[in-house]
Amino acid sequence: MLFTLRQRIPTILNIFLSSSKSTNRLFSNQSVVDDPTHTVARSLCDSLRKGLNWDTLSKKYDSVILDDPIIEKVLLDFKEPFEAKRALSFFHWVAHNNKLTHGLKHYCITIHILVNARLVKDARSLLESILTKNVENEANCSSRFSVVDMLLKTYKITNSCPYVFDLLVQTYSKLRMYDAAFEVIGYLDKHGFSLNLVTFNTLLHVLQKSPDSSDLIWEVYSHMIKKRMVPNEATAKIMINALCKAGELQKFVDLIGRIHGKGCSAIVIVNTSLVFRMLEEKRIEEGLVLLKTLLHKTLIPEAVSYSMVVYARLRSGELNLAQEVYGQMLNNGFLPNSFVYTKFIGGYCEEGMVEEALNLMEEMVNMGLKPYDDTYNSLILGCAKTGALADGFRLCAEMTEKGLLPSTSAFNEMVGKQCQSGNMRQANEILTVIMEKGYLPDETVFLHLIDGYGREGNIQEALKLFYEMEFRSLSPGLPIFTSLIRTLCKCKKMEEADKYLAIMKKRSLDPTICIYELLISSHLVNGNKERAHHLYNEMIQKGLRLNQPINISFFSEDLET
C-alpha cells in the first residue's frame with residue numbers, strides 16, 4: 001500500500017507542475033475555497049516582482065477575473081516608494097490587458113503611491129485623466145468633490161503625504177478649472193490640510209492670464225492672506241500684473257503716495273489694493289480683520305493701516321468713530337494726508353454737511369496738502385445734491401484749471417441740477433469748457449441739456465445738441481428722442497416731430513407709449529385728426545394702449561380710447 005501511494009505522488013506533482021495556464025486555473029479554482037482575493041493578489045505581486053513582462057502576465061492570468069478587491073490589494077502591496085513603479089505598471093496593465101475602466105478609487109490609490117514616491121509627472125498625468133473624465137459632473141456640481149473626497153478616503157491606507165492635495169489643486173489650475181480649484185482649497189481647509197505657496201501662486205498665475213477672472217484672483221489672494229501665508233516675490237509680480245491688466249496700478253500707486261509717500265514695495269501696493277477693494281464693496285469687518293493680519297505680518301505700513309481704518313469707518317457711516325481713529329493716528333505721530341482728508345470730505349458730503357466739507361478742503365490746502373480728482377468730485381456731487389450750485393460751478397472750473405477732469409457721475413449731477421434750476425447758459429458753458437480739456441460726455445448730460453432747453457421751449461438749442469451728439473458719434477437713444485419729440489410737440493413743430501419719429505424707426509428704436517401719446521394728443525390739438533388716427537392704429541397694431549384717455553372733443557368718429 002505504501003508503494004502504491006509512492007507511485008501516485010509523482011502523478012499528483014505533475015498535475016501541479018504542469019503548464020502555467022493549467023496551474024493557474026487549478027490554483028484559481030482552489031483559491032475560491034480558500035481566500036481567492038488574497039491568493040491571486042499575492043501571486044500577481046510575486047510575478048510583478050520577478051519582472052514578468054505584460055505579455056507573460058497576460059498569458060499567465062488570462063482566466064483570472066480581476067475584480068476591485070484584487071486590484072486594490074495589489075496596488076496597496078506596492079505602496080512603498082521603492083515599489084511605486086510596479087504599482088503604476090500594474091495599473092496600466094490591468095487597463096490594457098483586461099479592457100477594464102478603472103474606478104475612481106484605483107486612480108486615487110495609485111496617485112497617492114506615486115506622489116509619495118515623488119513620481120510627480122506620472123501622478124499629475126493620472127490626475128489630469130480623472131479630472132478630465134469628471135469634468136461634466138464637476139460642471140454640474142453633482143460630484144464637485146468626488147475626486148478630493150476619494151483622495152481623503154484613501155489617504156491613510158496609502159501612507160500618503162499632504163503634497164498630493166497641492167498637486168490636485170495645481171492640476172485643476174493647469175486645466176483652467178478655476179472655480180473648482182478654489183472650492184477644493186476651502187474644502188481641504190475644513191479637513192485640516194493647508195496648501196503651500198507654490199500651489200497658490202500657480203492658481204493666481206493662471207487666473208491672472210484668464211480674461212474673465214479679475215474678481216476670483218483677489219478672492220484667492222485674500223484667502224491666502226487669511227491663512228497667514230506670506231506672499232513672496234513671485235506672488236507680488238502676479239498680483240501687480242493683475243492690477244496692470246485691470247488698469248488700476250497707477251490708481252493705487254497714487255493712493256499710497258498720498259498716504260505714505262513714494263517708494264513702497266510691490267507687495268504693499270497689492271495689499272493696499274486688496275483692503276481698499278473690500279472696503280469699497282462694504283465688506284467692512286472682513287476688510288478690517290484682513291488688515292490686522294497684514295499689519296501683524298508687517299505686510300502693510302502703519303500709516304496706510306490707520307488711513308484704511310478711517311476710511312472703513314467713514315464707509316460704514318460712522319463719522320464720529322472715524323474722527324476718533326484719526327485722532328489716534330495723529331497722537332501716534334502720523335501726519336495728516338490728502339487721502340484721509342478727501343475721505344472725510346466725502347463723508348461730510350454724504351451727510352449733507354457741504355459747508356463743513358468746503359471748510360475742510362480749505363484747511364487741507366492751507367496745510368499744503370493737494371486736493372485731487374476724488375476730492376473735487378466728492379464736493380461737486382455734494383454741492384449739486386444740496387443745491388449749492390455756485391460752489392459746484394466754481395469747483396468744476398477750478399478743477400479743470402488744474403488739469404483735472406470731473407467724474408461722469410459728479411458732472412452729470414451738477415449739470416442736471418443746473419438745468420433744473422434754469423441755468424442753461426452756465427450748464428452749457430461748463431460743458432464746452434471741460435470738453436475742450438478732453439472730457440468725453442455721455443448721453444445723460446446731453447439729455448439734461450435737451451430737457452432743460454425743452455422746458456424753455458428753445459427748440460433750436462435742443463436740436464443743436466442732438467446734432468452735436470451725432471457729430472461726436474454718441475448715438476441718441478429713446479430718452480433723447482422722447483425729450484426732443486416732446487419739445488417739438490410743445491412748440492407745435494409737428495412735421496419735425498414726425499420726422500424724428502421716422503428717424504427712430506429707421507434706427508430700429510421702437511416708439512414707446514409715451515411718444516405715441518405725445519404725438520397723438522398734439523396732432524389732435526392741432527386739428528390733424530387723420531394723422532392722429534394713423535398713429536393710433538399703428539400703436540394698436542404694436543399691442544400698445546393709451547395710459548390716459550384723450551379729450552373726447554378731439555376724437556374723430558372712429559377714434560376710440
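For the numbers below, each heavy atom of this structure counts, side chains included, while hydrogens, waters and symmetry mates do not. Given the structure is predicted, the values throughout are model-derived calculations rather than measurements.
- A distance-only check finds a donor-acceptor pair linking the side chain of T293 to the backbone of V289 [under 3.5 Å].
- A heavy-atom distance below 4.5 Å is not found between the side chains of D254 and Y372.
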Original post:
Should Y187 and L152 be marked as a side-chain contact (heavy atoms from CB on, under 4.5 Å) after you check the CA-CA gap, both sets of side-chain angles, and the distance that decides it?
Top reply: CA-CA 11 Å; Y187 193 69; L152 287 166; 4.1 Å; yes
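- Annotation: K251, atom NZ; neighbour count of heavy atoms from other residues, nucleotides and ligands within 6.0 Å is above 12.
- In this structure, E286 CD and E281 CD are separated by 9.0 Å, a value rounded to the nearest 0.5 Å.
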**OP:** Report the C-alpha separation of H191 and V148 in whole Å, then their side-chain angles, then the decisive distance to 0.1 Å, and conclude whether the side-chain contact (heavy atoms from CB on, under 4.5 Å) test is met.
**Re:** CA-CA 11 Å; H191 286 80; V148 69; over 6 Å; no
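- Because its NZ or CZ atom is not both nearer than 6.0 Å to the ring centre of F446 and within 45° of the ring axis, R472 does not count as a cation-pi partner of that residue.
- Judged by distance alone, with hydrogens and angles left aside, the side-chain atoms of S483 form no donor-acceptor pair with the main-chain N or O of I480 at under 3.5 Å.
- Checked by atom type and distance alone, the side chain of R258 never pairs as donor or acceptor with a backbone atom of F339 at under 3.5 Å.
- A salt bridge does not link K385 to E413: none of the charged side-chain nitrogens sits closer than 4.0 Å to a carboxylate oxygen.
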Original post:
Given E280 and K343, is the salt bridge (Lys or Arg N to Asp or Glu O under 4.0 Å) satisfied, shown in steps?
Top reply: CA-CA 12 Å; E280 283 281 278; K343 294 308 173 186; 5.0 Å; no
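- Within a 6.0 Å radius of NZ in K153, no more than 12 heavy atoms belonging to other residues, nucleotides or ligands are found.
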**OP:** Determine, stepwise, if the pair V120 / V115 fulfils side-chain contact (heavy atoms from CB on, under 4.5 Å).
**Re:** CA-CA 6 Å; V120 175; V115 170; 5.9 Å; no
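- Residues E219 and R277 are not paired through a salt bridge, judged by the lack of any N-O separation under 4.0 Å between the basic side chain and the carboxylate.
- Side-chain atoms of S210 and D212 form a donor-acceptor pair, as typed in the model, at a separation below 3.5 Å.
- Counting only heavy atoms from C-beta outward, the side chains of L405 and F411 never approach each other to under 4.5 Å.
- Considering only heavy atoms from C-beta on, K262 stays 4.5 Å or farther from I256 through its side chain.
- Using a 4.0 Å cut-off between charged side-chain N and carboxylate O, E128 and R176 make no salt bridge.
- Of the listed residues (L358, N377, T375), just one forms a side-chain contact (heavy atoms from CB on, under 4.5 Å) with L395, and that residue is L358.
- When each of F344, F334, Y311 is checked for a ring-ring contact (aromatic ring centres under 6.0 Å, His included) with Y326, only F344 meets the rule.
- The two residues N201 and A234 have their closest heavy-atom pair at ND2-CB, 3.9 Å.
- Taking the centre of each ring, F193 and Y155 come in below the 6.0 Å mark.
- Ring-centre distance between F78 and F90: not below the 6.0 Å cut-off.
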**OP:** Evaluate the side-chain hydrogen bond (donor to acceptor under 3.5 Å, both in side chains) criterion for residues H205 and N241: first the C-alpha distance (whole Å), next the side-chain angles of each, then the deciding distance (0.1 Å), finally the verdict.
**Re:** CA-CA 9 Å; H205 175 74; N241 286 339; over 6 Å; no
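- Although no hydrogens or angles enter the test, the distance criterion places no donor-acceptor pair under 3.5 Å between the side chain of D166 and the main chain of T199.
- Residues N116 and K79 are not in side-chain contact: their nearest non-hydrogen atoms beyond the backbone lie 4.5 Å or more apart.
- N332 places a side-chain heavy atom less than 4.5 Å from the side chain of Y306.
- Separation of atoms CG (D442) and OG (S409) is listed at 10.0 Å; rounding is to 0.5 Å.
- The shortest heavy-atom contact between K227 and S194 is CE-OG, 4.3 Å.
- The minimum heavy-atom distance between L167 and T171, with the atom names listed, is O-OG1, 2.7 Å.
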**OP:** Go through the steps to decide whether N232 and T235 satisfy the test side-chain hydrogen bond (donor to acceptor under 3.5 Å, both in side chains), and finish with yes or no.
**Re:** CA-CA 5 Å; N232 61 10; T235 320; 2.7 Å; yes
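- Counting heavy atoms of neighbouring residues, nucleotides and ligands inside a 6.0 Å radius, atom NZ of K292 does not exceed 12 of them.
- Atom CD1 of I300 is separated from atom CD1 of I267 by 10.5 Å, given to the nearest 0.5 angstrom.
- By the 4.0 Å N-to-carboxylate-O rule, K237 lies too far from E233 to be salt-bridged with it.
- A 6.0 Å sphere centred on NZ of K245 holds more than 12 heavy atoms belonging to other residues, nucleotides or ligands.
- Formation of a donor-acceptor pair under 3.5 Å by the S407 side chain with backbone atoms of A410 is found in this model.
- Two residues are said to be in side-chain contact when any heavy atoms from C-beta on lie closer than 4.5 Å; S222 and K226 meet this criterion.
- Judged by distance alone, the side chain of D67 and the main-chain N or O of I70 form a donor-acceptor pair under 3.5 Å.
- Nearest heavy-atom pair, Y439 versus P406, reported as atom, atom and distance to 0.1 Å: CE1-O, 3.4 Å.
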**OP:** Go through V270 and F252 one step at a time and tell me if the side-chain contact (heavy atoms from CB on, under 4.5 Å) criterion holds.
**Re:** CA-CA 8 Å; V270 171; F252 289 106; over 6 Å; no
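- Taking the six-membered ring for Trp and the full ring otherwise, F481 and F466 have centroids separated by under 6.0 Å.
- Closest non-hydrogen pair, N337 versus S307, comes out as ND2-OG, 3.2 Å.
- Under the 3.5 Å distance criterion, the side-chain polar atoms of S213 are matched with a main-chain donor or acceptor of L207.
- Panel note: side chain N271, backbone L299; a donor-acceptor pair is recorded below 3.5 Å.
- A distance of 10.5 Å separates NE2 in H223 from CG in L203, rounded to the nearest 0.5 Å.
- Remark: side-chain polar atoms of Q208 are not paired, donor with acceptor, to backbone N or O of I217 under 3.5 angstrom.
- Put simply, the side chain of S378 gets close to the backbone of D374: a donor and an acceptor are under 3.5 Å apart.
- The distance from atom CG of L126 to atom NE2 of H112, rounded to the nearest 0.5 Å, is 12.0 Å.
- Residues M364 and S338 are in side-chain contact: their nearest non-hydrogen atoms beyond the backbone lie under 4.5 Å apart.
- With rounding to the nearest 0.5 angstrom, the CD1 atom of I269 is 6.0 Å from the CG atom of L249.
- A centroid separation of 6.0 Å or more is found between the aromatic rings of H106 and F91.
- Between E363 and Y341, some side-chain heavy-atom pair lies under the 4.5 Å cut-off.
- Closest approach of L197 and M229 over heavy atoms only: CA-SD, 3.7 Å.
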